[in-house]
Amino acid sequence: MLSSMILGRYIPGDSVIHKMDPRSKIIMTVLFMAIVFMANNTLTYAALILFVLFVLALAKLNPIFVIKGLKIVFVLLIFTFLMHLFLTKGGTVLIDAGWFTIESEGIVRGVFIGTRLVMLVVITTIMTLTTSPISLTDAIEKMAHPLKKIKVPVHEIAMMMSISLRFIPTLMDETDKIIKAQSSRGSTFMTGKVKDRIKALLPIIIPLFVSAFQRAEDMAIAMEVRGYTGGEGRTSFRVLKWTFKDTLGIIFVILFGVLVWWLRT
Amino acid sequence: MISLKDITYKYHNDDAYALNHISIDFKRGSFVSILGHNGSGKSTLVKIIMGILLPTSGAIFIDGKPVDRDNPLELQRRFSIVFQNPDNQFVGATVLDDVAFGLENLGVPHETMVEKVEAALKEVGMWEFRNHEPHRLSGGQKQRVAIAGALVTNPEVLIMDEATSMLDPDGRKEVLSILKKIHAKRDTTILYITHDLREIEDSDYVFILRKGHVVNEGTVRDVYEDTETLVSSNLELPYNIKLSKALCDGAYMSYEEVVERL
Amino acid sequence: MNILIDDVSVTYQPKTPFQYHALKNISTEFRTGKFYGIVGQTGSGKSTLVQLLNGLILPTTGTVKIDDLELKRRTKYKMIHEVRKYIGIVFQFPEHQLFEETVLKDVMFGPMNMGVSEKDAQTRALHYLNELHVDPALYEKSPFDLSGGQMRKVALAGILAMEPKVLILDEPTAGLDPSSHKETMELFKRLREELKLTIILVTHDMNDVFEYSDEVRILEAGRIVESGPTEDILTDQKLLERYSLNLPDVVRLSHDLIRKGHTIDKIPKSIDEFIVEWRLRDA
């Protein structure tokens, strides 16, 4: 289950979408999200689905693979659908069981809102699947640059994000090791009462914190001796290149928005 | 030339001095080793050289002039360091980013940076791994990246602080052979800090540290001769030394000489 | 306690693009009271093998039998817990697993998880802390206030206090100074003699394997490629070279001396032993 999860994961590739500037990808994603909320009839929802399928094709991603990887979202989807099914009234009454009714409007709304949810999740997933976390961080740092004027430590936040991302796999390994060491000492956090299980987490959490603090301290020293003094006067090895493709992409999304606006009722 | 003159250091909550009147000269291009076990004062010394701690007394001199302590960048531009734990010094998200980190901090223009990073990675044989993330590298490979990241700013002294002690035998060989190459090709001074006597064979000069004192110094042969100091400093004797001491009148001999003699 | 590994394979993330065969059709045996050395390059499957014996990883196919306890693909947790009573692992850098408020409590953690009463656990803890020469003044201190070497000893005591029948050691002396190294290895040797423990030592240190083990298993790419008495395998230079392993120092020395015409009937276990024997010969 977890190994097929793709929420927030990055899969390297060489598609057009992979090669676009992460800033334009963020802008396009935000624009598309706005467009999703304009849709209000079958035609516009169909247009959204077609658009997303088109982007998936451009990114050389298999729709089945993406859907499978988003299993976890379906719980939410089914919940939303059922809510509308039972609570939204209007149209013809399809089932009348006395204490509840299912009406046609409920089904229509349920499907629409469900589709909306899937579109939102899929489009953001396409962004994260095709953009490395570090490029996303770069993009956020660049785009948030104006905030520096109001004393937001943009560079420091971006640096923190990038170091956290870099440490996730290391800490996952560490957690795994500690869990194994404590399990072989008979720690039983897999079975028993909830209260006992929570208590059994301490032998894992404490060593993990101790080691994380040690790592943080080592890292701080390593950064200091390599001359890190914050964002001031720093140059950047990574450069983001905005190309014609990126402008074109944004124009395309805007045109699509105009189309949806025109089709909506 | 960089020299440490009469460096003494005492931690607040400690009565004993962590370092007692340490003086070391780093001749340009030499390979200097500092040997000592846990608690010998090695790590304190490194922190002082890197400007993380200020000595209680004594100073660091560069070409005869004392170092300006208010300008830590001056030290950091001259010294680069590779630490013990390969994971905890890998700053970048990929090999390329990590090697570039020091250059970014110095404000080096992008084009120069790209060239320097490539050259440094090629020097340690890690260029083909340039896009790898750290968790996909072995310990030895991570330390090679750390060496590239240290050399890329072209320091006068490269400090290796127990940089092989967490590696497996293969990783250790990898790192030592890279160092040998660097020593032959560049005029960077190498300060090699270790507790393993087998790793100092290529050194030009060796210091033995015990409880904050330099208890012996000299060429590799000089320090090997004085086995008593080595043992009392809790250092493991290489077996040729054990043998020559026990079976060949105590004079230092290489392994081949020992075999010949027996 | 006899351990029988019968045709075991371990595959990580099967049926995905990340599929990885960590162990391939391994069959071997570890018998009561013997000292085994497991050697091989990093990534050869040593750590998977160690975890297999303790139920931290279950076989993908095949069976691990520990006397009459069995570990298989779908073995229930209860059985795994039972196995862990008898098999103790000292992982690399075991000091990273310390977490309790005091040294004493930390040593008592393992035995108490295994159902030993608090009183008995304390008796055991005191006994093994004493065996390892941990200063009694430290028993009520936080383990995080100790030096690295002392932390290592406390962690070791924590495993020994579980009184396992089989002790698995993964690079137990990494980072220790020479005197602690010797002390620790001698302790394992003594425990094995006194308590009839089976000891399985996983290490890169060929000298330790030669000095202490009775039998050796060499792993390469998930397979046991050599298996037999230590003095046969670790004295075979060609064989060791094939798996890029070094000869133990004393073996290299003895071979070189034999080549020069000396007679050495039985290669001593260590350089120290060699020195003693050579002196006798001179005298």
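Computed from a predicted model, the values in this text were never measured in an experiment. So you know, we letter chains A, B, ... as the sequences are listed, proteins then strands, and number each from 1. Hydrogens, waters and symmetry mates play no part in the numbers below; they use all other heavy atoms, side chains included.
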Salt bridge flag under 4.0 Å for residues A/K241 and A/D246
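No, this pair does not count.
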Any salt bridge linking C/E82 with C/R84? Criterion: basic side-chain nitrogen under 4.0 Å from a carboxylate oxygen.
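Judged by the 4.0 Å cut-off on N to carboxylate O distance, C/E82 and C/R84 do not form a salt bridge.
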Check whether C/L98 gets within reach of chain A through its side chain, its backbone, both or neither, counting any heavy atom under 4.5 Å.
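The backbone, not the side chain.
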C/E100 versus chain A, the contacting section by heavy-atom distance below 4.5 Å
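Neither part.
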Output field: ring centroids A/F32/A/F51 closer than 6.0 Å:
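For A/F32 and A/F51, the ring centres are under 6.0 Å apart.
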Between C/K85, C/H81, C/Q97, the one whose heavy-atom pairs under 4.5 Å with chain A are most numerous:
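Result: the option with the highest number of such pairs is C/Q97.
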Under 3.5 Å: donor-acceptor pair, side chain of C/Q19, backbone of C/Y12:
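No, because the side chain of C/Q19 does not come within donor-acceptor range (under 3.5 Å) of the backbone of C/Y12.
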Contacting moiety of A/S184, where chain C heavy atoms sit under 4.5 Å:
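Both backbone and side chain of A/S184 come within 4.5 Å of chain C.
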